[in-house]
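Data block below; observations after.
Source: prediction; values computed, not measured.
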6 protein chains.
Amino acid sequence: MGTETSSAGRLLVISAHAGDFVWRAAGAIALAAERGDPAKVVCLSFGERGESARAWREGRTLKEIKGIRRAEAEAAAAELGAEIDFLDAGDYPLQETPELVDRLVRVYREFTPAVVLTHTLTDPYNGDHPAAARMALQARVLAQAIGYDAPGEPLGAPPVFFFEPHQPEQCDFKPDVLLDITPVFERKRKAMECLPAQQHMWDYYTDLAKRRGVQLKRNAGPNLGLAHDTLAEAYVRVYPQTTAVLA
Amino acid sequence: MGTETSSAGRLLVISAHAGDFVWRAAGAIALAAERGDPAKVVCLSFGERGESARAWREGRTLKEIKGIRRAEAEAAAAELGAEIDFLDAGDYPLQETPELVDRLVRVYREFTPAVVLTHTLTDPYNGDHPAAARMALQARVLAQAIGYDAPGEPLGAPPVFFFEPHQPEQCDFKPDVLLDITPVFERKRKAMECLPAQQHMWDYYTDLAKRRGVQLKRNAGPNLGLAHDTLAEAYVRVYPQTTAVLA
Amino acid sequence: MGTETSSAGRLLVISAHAGDFVWRAAGAIALAAERGDPAKVVCLSFGERGESARAWREGRTLKEIKGIRRAEAEAAAAELGAEIDFLDAGDYPLQETPELVDRLVRVYREFTPAVVLTHTLTDPYNGDHPAAARMALQARVLAQAIGYDAPGEPLGAPPVFFFEPHQPEQCDFKPDVLLDITPVFERKRKAMECLPAQQHMWDYYTDLAKRRGVQLKRNAGPNLGLAHDTLAEAYVRVYPQTTAVLA
Amino acid sequence: MGTETSSAGRLLVISAHAGDFVWRAAGAIALAAERGDPAKVVCLSFGERGESARAWREGRTLKEIKGIRRAEAEAAAAELGAEIDFLDAGDYPLQETPELVDRLVRVYREFTPAVVLTHTLTDPYNGDHPAAARMALQARVLAQAIGYDAPGEPLGAPPVFFFEPHQPEQCDFKPDVLLDITPVFERKRKAMECLPAQQHMWDYYTDLAKRRGVQLKRNAGPNLGLAHDTLAEAYVRVYPQTTAVLA
Amino acid sequence: MGTETSSAGRLLVISAHAGDFVWRAAGAIALAAERGDPAKVVCLSFGERGESARAWREGRTLKEIKGIRRAEAEAAAAELGAEIDFLDAGDYPLQETPELVDRLVRVYREFTPAVVLTHTLTDPYNGDHPAAARMALQARVLAQAIGYDAPGEPLGAPPVFFFEPHQPEQCDFKPDVLLDITPVFERKRKAMECLPAQQHMWDYYTDLAKRRGVQLKRNAGPNLGLAHDTLAEAYVRVYPQTTAVLA
Amino acid sequence: MGTETSSAGRLLVISAHAGDFVWRAAGAIALAAERGDPAKVVCLSFGERGESARAWREGRTLKEIKGIRRAEAEAAAAELGAEIDFLDAGDYPLQETPELVDRLVRVYREFTPAVVLTHTLTDPYNGDHPAAARMALQARVLAQAIGYDAPGEPLGAPPVFFFEPHQPEQCDFKPDVLLDITPVFERKRKAMECLPAQQHMWDYYTDLAKRRGVQLKRNAGPNLGLAHDTLAEAYVRVYPQTTAVLA
């Protein structure tokens with residue numbers, strides 16, 4: 001498809017809750033790992049209040065739920081070949097604070113990502129997602145300034161992509177990048193299966209990968225030798241693509 | 001910048017008037033030629049009525065003006081290494097007709113482009129530009145259908161890019177691709193100089209290339225070893241990018 | 001008009017200032033009351049600083065003004081058949097705080113609305129209106145989470161409607177629901193007359209009801225037996241309508 | 001869901017090609033039929049050139065292909081309980097002409113629909129779809145004018161809904177109505193199976209119905225006693241809803 | 001309000017039907033006349049089919065209706081101090097043709113307007129309005145080209161304003177200019193009264209002028225000595241304002 | 001250009017950092033000064049962290065950098081004939097606080113501007129710019145309320161204009177006002193030269209002024225006797241223009 005599959009550089013995923021990166025970006029993460037590019041997931045919270053309904057109904061304590069979500073997310077990240085950190089900033093609501101933004105600046109300065117993935121800026125179903133996105137974007141800009149007081153060198157300008165929300169149209173999510181994840185889909189499926197409390201999501205996101213794969217083939221044209229069952233993830237590019245070739 | 005500079009395939013540029021491709025897409029054309037990718041420009045008209053004010057003021061006839069514009073455009077295309085065709089469909093206004101669309105379908109089927117460049121769909125200063133874009137897009141879709149009665153095989157799905165209009169914001173032109181044309185800018189400048197009646201545009205579009213180059217560097221980050229005086233052209237991608245790697 | 005007039009469920013109106021619900025949503029409230037559906041208005045502030053110019057010019061104290069606004073709003077709510085609460089959070093500016101959002105979560109959990117009305121998210125003339133809307137929407141999402149620590153059961157997904165701002169086009173207010181308030185307009189008028197300091201608004205919002213009524217008839221078609229002088233309120237639906245019938 | 005399931009009136013579906021109404025609106029049609037509301041499908045073309053790739057590859061003639069598509073569409077319509085007409089106006093491209101619009105005016109005047117379904121106004125993958133939508137909308141307005149010279153009485157103002165295109169986000173399709181088609185999904189499946197040349201679509205649109213069903217449940221809230229496997233179709237409402245109750 | 005009331009130059013109003021200019025732009029026309037600026041109205045049709053329901057119900061012939069509409073419009077134009085022309089191009093639908101555009105080019109070249117008023121480009125209730133607007137805009141651009149074959153000198157770049165449609169929000173009409181018509185409102189009222197078949201519109205557009213007047217005062221601020229009952233018309237500016245002073 | 005050049009009233013410029021007003025609004029400021037209208041610049045910060053890369057690379061302390069930026073900005077303001085204040089609220093990030101908004105309310109009440117200039121509400125490259133704009137807009141509304149507890153009289157409704165950001169399209173900056181700054185460009189150039197650390201910007205913004213000048217001439221038409229080398233600044237008007245004449 002006109003793009004090499006050699007190194008694309010270090011991949012950073014900033015996620016509001018512990019499970020988001022699995023459903024929405026596991027393909028991109030596994031592709032990075034397969035290429036040998038370091039990948040890191042930062043979860044701002046565990047999704048302990050807003051995305052753990054089953055555990056609450058089972059009568060678990062807050063501490064137990066955090067532990068469960070952490071263990072699941074760690075297993076999924078391991079499956080994908082990524083490291084994972086938890087900032088434990090609380091969810092529902094995830095509060096935007098200068099301190100949390102500062103922690104993210106330090107993540108950028110230390111990890112020096114070449115590519116960044118995060119949530120959309122609009123999500124009428126979940127306020128934590130845009131809050132995470134706003135902080136991820138703000139911290140990226142701050143990390144670029146030599147005058148910002150944090151360890152490390154000023155960051156470059158890594159491209160940012162929004163991964164797909166649950167109800168894309170309601171979130172003004174108009175995909176402009178379709179990523180072929182066929183070679184790594186099995187790893188995505190296994191990572192999803194690390195989250196047993198949300199078993200209904202396994203098939204849901206497998207179906208979504210098929211749908212996005214059909215669209216990828218439609219946009220790539222019939223002549224490219226793509227697999228019959230191409231599977232894809234959809235993304236929105238935030239900043240203009242810089243390139244030496246139109247393709 | 002995360003993209004190789006080997007072949008990107010055959011490049012087709014569909015232009016309303018004889019000069020448009022020079023100001024707006026000469027860099028992309030020259031890059032294709034340098035890579036050895038065939039490039040073809042199709043001018044729907046000569047711009048004989050709407051973009052030849054000086055010749056009219058000098059008292060030239062319609063036939064003379066067409067000849068002048070043709071010669072200039074041929075010289076510019078030669079400078080860039082592209083072939084060029086003129087459909088002579090008339091301008092101001094460029095009329096949308098099924099026949100003209102059909103001629104474009106045949107161009108697609110014959111040339112089999114891998115990438116297509118054309119005008120924006122909005123331009124409140126020049127109705128011919130969106131008319132050309134609408135026909136270019138419609139013909140591309142028709143050429144994809146095996147049932148469409150024209151010679152050749154059904155077309156694939158070549159990506160389409162809008163090149164930059166004269167007043168970008170008024171045309172809802174929000175660039176999402178910045179193309180580095182530094183290596184071929186001298187050829188673009190020489191191609192522009194093939195159009196002596198519009199000498200004031202030479203510097204204007206040189207300045208624009210600088211401005212877009214500054215933006216390219218800003219979006220690419222400081223660590224990429226880009227030239228101090230990077231020069232760029234801006235584009236809008238019409239269909240989602242299909243890719244095997246996020247970068 | 002293809003919709004029954006039996007119970008639509010409990011109605012919650014979240015209003016930045018004490019008078020907003022009268023001008024903008026009194027018809028919907030009175031319709032609920034006529035159907036026997038409980039209706040509740042929550043005023044985040046009294047509008048004591050930003051919407052009480054006459055009282056300030058008369059030299060009233062802050063405390064007096066709050067009292068006046070409270071009494072007026074209570075009278076209007078009584079006229080419409082709704083209960084009313086005041087959170088006294090201060091206006092101009094209405095500050096968004098986690099504590100105020102939490103109070104709204106508790107309102108949702110306790111009142112369990114089936115329908116919610118609030119301000120638009122954009123209003124360049126009054127920052128309190130979008131602040132109220134953001135908190136109303138955020139609290140509704142939080143109240144849905146079983147893990148959110150507040151009394152009561154998790155909330156369902158009551159539809160939300162924005163009521164009409166004073167300068168609709170400047171607030172990106174594009175009505176997609178026109179509500180026939182003809183049967184209850186007299187109650188709306190009487191409720192408006194409970195606010196004597198803003199007498200110029202009585203006719204203004206009567207005229208608006210006529211205008212929206214003309215539009216309702218235009219969109220409903222001539223064959224529906226609507227009253228000659230149909231009166232209406234305009235709303236914007238925030239989440240997709242869920243239905244068993246297209247109409 | 002706050003809406004009755006008694007008669008919603010006569011349903012008219014205006015479709016560019018012979019198969020569109022099956023994938024995109026079969027649920028709405030079957031629901032109408034189950035309610036006893038007359039439903040009529042008007043196909044502007046058979047999709048003989050643009051949507052019959054397999055038949056062309058098999059070497060069929062144009063006349064044969066039209067016959068195949070007609071027979072399939074008639075079988076699907078019968079399965080759904082709708083009558084169907086073919087205007088045979090040609091596809092790829094479907095030409096907009098005053099004569100074709102006039103034919104649609106006569107359809108409106110004769111059938112007197114209470115609800116109209118058609119394509120979106122934007123579709124970068126298929127120019128026939130927006131062409132059909134533009135003509136459907138224009139004819140509806142013309143049919144309302146007593147001075148328009150066609151048999152029958154002036155039309156009322158039936159609401160119009162856009163049904164879902166193949167790549168919704170690229171078509172600016174932001175659903176604002178989710179229609180529960182669970183009770184009639186088996187009929188939709190059987191109607192789809194009347195189109196054997198597009199067998200890959202059967203599962204594709206079954207998966208889509210599941211996805212839209214999940215979204216319907218998410219927007220309707222957990223308390224409504226919806227089926228576990230709710231299935232839905234998504235629509236966009238073109239004109240404001242007129243109603244006597246907010247719900 | 002920071003703008004002089006001396007000559008603003010020649011005013012051209014391009015209207016789809018005979019009555020449009022009265023309801024929507026009579027204030028601007030009367031202001032021009034009071035300043036001594038020549039004003040001309042061009043009606044593309046009489047609105048004989050789409051906007052003459054009462055006459056059709058009374059059993060008038062097409063010819064009679066055209067005559068009635070012409071006489072009414074001439075009387076209204078005379079009241080406002082404008083000349084008026086009728087192109088009699090037919091309505092419902094108003095067909096876009098190169099010939100009709102050419103006639104408008106000649107109007108531009110002959111009248112040489114300094115300011116142009118026309119309909120919005122979007123109107124889901126009346127397709128003739130956007131058709132008129134598209135032709136008015138296209139002809140203006142063509143008239144600017146020295147190479148366009150029509151008598152007269154190339155046109156300058158007169159600013160264009162869209163006047164207010166009947167359902168502004170549905171037509172994406174977001175006013176950015178509010179014109180004080182208080183001094184000439186009596187003339188507007190008399191011009192409206194020249195159209196007796198649409199008597200219900202007289203008060204409707206008087207109310208609208210009050211509403212836009214309230215908005216004008218709100219946007220102009222309290223310190224400007226505006227009349228208590230300021231009356232206004234709303235417009236949308238199509239091209240950027242060019243100015244020597246920000247105000 | 002249809003607008004007088006007599007007094008337009010007191011001009012207030014609210015700028016996130018010390019240099020912004022020079023690059024983006026120096027022409028408007030110098031024009032005000034030439035007319036004798038008082039002009040005041042309020043810098044919320046010195047840009048000490050985010051826009052002083054060279055000084056940080058030279059090893060300066062924070063205090064030194066603030067001093068350098070202050071001196072440069074004071075020199076530029078003096079060149080333009082404006083007074084200047086620094087609120088020293090810190091940058092990168094510029095925190096939005098009620099206290100800072102309150103300070104701006106007091107600026108409005110004391111300076112009583114007739115026109116306000118500030119940043120755009122969107123800027124994906126610099127979060128301080130939209131933060132400054134939000135506070136500038138919020139404070140303007142608060143200052144209008146008699147009930148807001150700050151010295152001075154309630155503010156009128158001064159129009160607000162956004163000045164041009166560095167990457168206009170990415171900031172949704174669609175200019176609707178082009179201001180002719182030809183008569184004062186030399187002063188703008190000298191003001192820019194007061195900022196020696198950003199020497200590369202001098203030519204960049206000179207080129208931009210040429211580009212915007214070309215667009216101004218294109219929108220004003222050829223008949224206005226504008227200078228061959230017209231220079232301009234671009235702005236976006238936030239509230240509707242109120243006027244007694246369309247021009």
* Structure fact -> By ring-ring contact (aromatic ring centres under 6.0 Å, His included), A/Phe173 pairs with (sequence neighbours left out) none
* To do: Just jot down the ring-ring contact (aromatic ring centres under 6.0 Å, His included) partners of A/Phe111, sequence neighbours excluded, or say none.
  => none
I need the [X] [atom1] to [Y] [atom2] distance, nearest 0.5 Å.
X        : Y        : atom1 : atom2 : answer
A/Met201 : A/Leu208 : CE    : CG    : 10.5 Å
C/Leu117 : C/Ile14  : CG    : CD1   : 9.5 Å
C/Leu231 : C/Leu216 : CG    : CG    : 10.0 Å

* Options A/Ala53, A/Pro124, A/Ala55, ranked by heavy-atom pairs under 4.5 Å with chain C, top entry -> A/Pro124
* Structure fact -> Between C/Leu44 and C/Ala132, the two heavy atoms sitting closest are CD1-CB, 3.6 Å
For chain C against chain A, print all donor and acceptor atom pairs separated by less than 3.5 Å.
residue, atom, partner, partner atom, Å
C/Gly147, O, A/Arg49, NH1, 2.8
C/Tyr239, OH, A/Pro124, O, 2.5

* Who pairs with A/Ala76 by side chain to side chain contact (heavy atoms under 4.5 Å, CB included), at least two apart in sequence or on another chain? -> A/Phe21, A/Val22, A/Ala191, A/Cys194, A/Leu195
* Heavy-atom contact with chain A under 4.5 Å, split by part of C/Leu137 -> neither
* **Choice from C/Val160, C/Val105, C/Val141, C/Val238 maximising heavy atom contacts with chain A below 4.5 Å** => C/Val141
